[in-house]
Protein chains: 2
Amino acid sequence: MTVTLADVAARAQVSPATVSRVLNGNYPVAASTRERVLKAVDELDYVLNGPASALAAATSDLVGILVNDIADPFFGIMASAIQAEIGGPGGRAGGERLAVVCNTGGSPERELTYLTLLQRQRAAAVVLTGGAIEDAAHQAAMDAKVRKLVEAGTRVVLCGRPPAPETGAIALTFDNRGGGQELTEHLIGLGHRRLGYIGGPEERTTTRHRLEGHRAALAAHGIEEDPRWTVHGRYDRRSGYEATLELLRRDPSLTAIVAANDSVALGACAALRDSGLRIPEDVSVAGFDDLPFSIDAVPSLTTVRLPLAEAGARAGRIAMGREEAPPGGIASVRGELMVRGSSGVPRSS
Amino acid sequence: MTVTLADVAARAQVSPATVSRVLNGNYPVAASTRERVLKAVDELDYVLNGPASALAAATSDLVGILVNDIADPFFGIMASAIQAEIGGPGGRAGGERLAVVCNTGGSPERELTYLTLLQRQRAAAVVLTGGAIEDAAHQAAMDAKVRKLVEAGTRVVLCGRPPAPETGAIALTFDNRGGGQELTEHLIGLGHRRLGYIGGPEERTTTRHRLEGHRAALAAHGIEEDPRWTVHGRYDRRSGYEATLELLRRDPSLTAIVAANDSVALGACAALRDSGLRIPEDVSVAGFDDLPFSIDAVPSLTTVRLPLAEAGARAGRIAMGREEAPPGGIASVRGELMVRGSSGVPRSS
DNA sequence: AGCGTTGCAGCAAGCGCTTTCTATATGCGA
DNA sequence: TCGCATATAGAAAGCGCTTGCTGCAACGCT
């Protein structure tokens, strides 16, 4: 049998109520009593029953973090930063919280189910990271769920995800559009006029925004885009490799390739090399995110740095109520263009 | 007010007990009744109260996954595989389980605290991933905790971590020693006699085992090791960069560098390049793990592939009781040597 | 000296669910 | 026709904790 509060109370010769108060430290208890209780707790090796506590107090110390792909450092870095602020163990004083990282795999159903599971656990807060799925029905369902969570007292923060108006969720959005535009403008500035674009999955906000930025840059410079220059794929290296071969097949005269993110860009680099093309002499390549490995690529990757860790930390603090929400509940986080070796002047110029 | 079981019962004109039984599906309920209940659940948008349920049933649907660094794909890949098997949402039929990924950051206290937190939540299972910390006191504390968890009915699986005898935990261990030995033997076979080694943090089992393998290979070939050839650091790129500069300073005649893992190896490559050395013509480099980006390095990295996803999946299945534990509760998982471009014959030969 | 404070501790009522045991139908064989 | 097995639903007793309220000293004030 496991040790209960009552056992501790008996051993310390106090009432269960007193033990509870000592443990929660939210009610005055005489020092001598407290000591006796703590001694009993220690001797009996007592561990609080979480569910019972959550039930009685109508709150839990669980905090959920939803990520699209836990194996992707993009999410790993954010999750890590969020968790550090959530304060799991090792955090500052105050209640220990259990950060729950949930891997949706980019699946709408899973996303929704995890939210329900978290709701079921009466999570204290939930942080949703990364781009949202652009499907009207799914969005509506998500918004409804989020609204319900907020109503139930769960703090919901969106980190690197577009705002969900009217839901009560706080949003820390990445300026994917602006970053995409800046990146492409950099390439145009170098003289590129024929740019291939490898986008992520079609129905993702991140994908759309980055592509919109790219197109805005083209438009701003009067470059007419050829439909053949855009290919969509997944957010991984493999996809970048294949998409690049496809782009090369469609139009071998491209002088630059802009990728949906750094992993895709790395795949693109590999494909270009395997096709006998030099980077950046023959083709320039640009990524997005500036993940740690990007600087190690040869040549190192020109990309847009997203302050993943900073944004995650801030989201974590907001989720814990340790930082005020931005005005209007929405903040846009800008990326920073990192010009490196993978981009250069086009061969023709 | 939130909707409770009783509300649903009232609406469906049945007793709370019946609603519970419909929801759990572990007791015969007439089809017509079931239907009525489900309709009420749907209409009221009822969400089960997890803590209450866990309290009453004395079980929970939480499964904990402890990782050293969630931002490191090494752990991300394992966690992802484990979670997929845990079945979270999207898994096969049967109870939905919430996989909780806990980031210890390699800190002993956090590791222990998370275990307590999971114990508090009455987790159904716990998977501990990655190398353990080699500190007698900490190990003893961990073992005691694990034993307690097991006694309380929580299934504990160690994935990529050395066995903890007498605790009742199932272990899926990586053969780090064998992999390290094979790797170094490959380099020796190419003709290298002066090999630098960049190890991970000193007090980690993974670090020690890989280094032991390395030394075993040297010894087997009668190569006497110079103490200056070994440097310890963290498991990240930065550390590899710095350690390499240090090694070069200590002995510029090294013809090969073996790194604690792929990230470190990438840092080593960068340092070598920045020092004007070619890979592998001047210095060969080898990593460990074979993470996805390793093949993209230029030249691609010679390394030892660890079946991270497979091992994680197996650990997940064992944790869920869907696969039998290996005989003796211990299984060793071997790595596979991947010979690629970063290793070649030494310049002197 | 009388009485309102103040400081601590205990009582007991739940929190919302699960589950054992009991009650009521229904069906069947004898 | 009666009795008993079978199927289904309900009553109620908790699960282990939190917390509002009450109780009771010891204290200080007028």
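Every heavy atom of this structure was used, including side-chain atoms; hydrogens, water molecules and symmetry mates were not. Sequence lines set the chain letters: A, B, ... in the order given, protein chains first and strands last, and positions in each chain run from 1.
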- prompt: Can you check whether B:Ser20 has a side-chain N or O nearer than 4.0 Å to OP1 or OP2 of C:dT18?
  reply: yes

task: I would like to know whether A:Lys39 and A:Glu35 meet salt bridge (Lys or Arg N to Asp or Glu O under 4.0 Å); could you show each step before the answer?
output: CA-CA 6 Å; A:Lys39 183 150 163 285; A:Glu35 211 167 304; over 6 Å; no

message: Taking the nucleotide of DNA chain C with the nearest heavy atom to each, does A:Ala31 or A:Ala17 sit closer to the 5' end?
response: A:Ala31

- request: Look up atom CG in B:Asn49 and atom CD in A:Gln121, then write down how far apart they are to the nearest 0.5 Å.
  value: 8.5 Å

message: Using modelled atom types and a 3.5 Å cut-off, is there a donor and acceptor pairing between side-chain atoms of B:Arg122 and backbone atoms of B:Thr59?
response: no

Backbone of B:Ala319 reached by a side-chain donor or acceptor of B:Arg155 within 3.5 Å: yes

The single option from B:Glu85, B:Glu310, B:Glu324 passing salt bridge (Lys or Arg N to Asp or Glu O under 4.0 Å) against B:Arg317: B:Glu85

- request: Applying salt bridge (charged side-chain N to carboxylate O under 4.0 Å, His left out), name anything that partners A:Arg314, two or more places apart in sequence or on another chain.
  value: A:Glu323

message: Closer than 4.0 angstrom, basic N to acidic O: yes or no for B:Arg36 and B:Glu43?
response: no

task: Could you state the atom-to-atom distance from CD of B:Glu35 to P of D:dA9 in whole Å?
output: 13 Å

- prompt: Just how far, in rounded Å, is P of C:dG16 from CG of B:Asp7?
  reply: 9 Å

message: Do A:Tyr27 and A:Val22 make a side-chain contact, defined as non-hydrogen atoms from C-beta onward lying under 4.5 Å apart?
response: no

- prompt: Given side chains that start at C-beta, do those of A:Ile318 and A:Leu172 come closer than 4.5 Å, heavy atoms only?
  reply: yes

From C:dT18, D:dG16, D:dC17, nucleotide with atom closest to B:Ala57 side chain: C:dT18

Heavy-atom protein contacts under 4.0 Å, nucleotides 22-27 of chain D, coded B base, S sugar-phosphate only, - none: ------

Side-chain N,O (B:Asn49) to OP1/OP2 (C:dC15) below 4.0 Å: no

query: Can you check whether B:Val67's main-chain N or O pairs, donor with acceptor, with B:Thr104's side chain at less than 3.5 Å?
result: yes

field: Atom-pair distance (CG on B:Leu55; C1' on D:dG14), nearest Å
entry: 9 Å

- prompt: Does B:Ser60 reach the main-chain N or O of B:Ala54 with its side chain, forming a donor-acceptor pair under 3.5 Å?
  reply: no

message: Would the base of C:dT20 count as contacting B:Arg21 through its side chain, where contact means a donor and an acceptor less than 3.5 Å apart?
response: yes

side-chain N/O B:Thr33 vs D:dA9 OP1/OP2, d < 4.0 Å: yes

- line: Assign each of B:Ala30 and A:Val19 the nucleotide of DNA chain D bearing its closest heavy atom; nearer the 5' end lies the nucleotide of B:Ala30

message: On DNA chain C, does the nearest nucleotide to B:Thr18 precede the nearest nucleotide to A:Ala52 from the 5' side, or the other way round? Give the residue.
response: A:Ala52

Between P of C:dC17 and CD of A:Gln121, the distance in whole Å: 13 Å

task: Measure from CZ on B:Arg36 to P on D:dT8 and round the result to the nearest Å.
output: 14 Å

- request: Could you check which residues of residues 39-48 of chain B get a heavy atom under 4.0 Å from DNA chain C? Sort them by number, please.
  value: B:Tyr46, B:Leu48

- prompt: So among B:Thr129, B:Leu308, B:Thr173, which one has a side-chain contact (heavy atoms from CB on, under 4.5 Å) with B:Cys159?
  reply: B:Thr129

statement: Ranking D:dC17, C:dT18, D:dT8 by distance to the side chain of A:Leu5, first place goes to D:dC17

query: Between B:Glu134 and B:Arg204, is a salt bridge (Lys or Arg N to Asp or Glu O under 4.0 Å) present by the stated rule, with each step listed?
result: CA-CA 5 Å; B:Glu134 298 208 289; B:Arg204 290 290 231 311; over 6 Å; no

message: Considering every strand and a 4.0 Å limit on heavy-atom distances, what is the contact class for A:Asn26: base, sugar-phosphate, or nothing?
response: sugar-phosphate

- request: Check whether any side-chain nitrogen or oxygen of B:Ser15 sits under 4.0 Å from OP1 or OP2 of D:dG10, and answer yes or no.
  value: yes

task: Would you list the pairs meeting salt bridge (charged side-chain N to carboxylate O under 4.0 Å, His left out) in which at least one residue belongs to residues 137-152 of chain A, sequence neighbours left out?
output: A:Lys148-B:Asp45

Inter-axis angle, terminal five-pair segments of the helix from C:dA1-D:dT30 to C:dA30-D:dT1 [nearest 10°]: 50°

message: Counting only heavy atoms and a strict 4.0 angstrom limit, can you tell me which residues of residues 144-152 of chain A come near DNA chain D?
response: none

- prompt: B:Ala58 near the nucleic acid: base, sugar-phosphate alone, or nothing, with a heavy-atom cut-off under 4.0 Å?
  reply: nothing

- request: Let me know the distance between CG of B:Asn24 and P of D:dT8, rounded to the nearest Å.
  value: 17 Å

task: Find the distance A:Arg122:CZ to D:dT18:C1' and express it as a whole number of Å.
output: 17 Å

query: Counting only N and O atoms by type, is there a donor-acceptor contact under 3.5 Å from the side chain of A:Asp7 to the main-chain atoms of A:Thr4?
result: yes

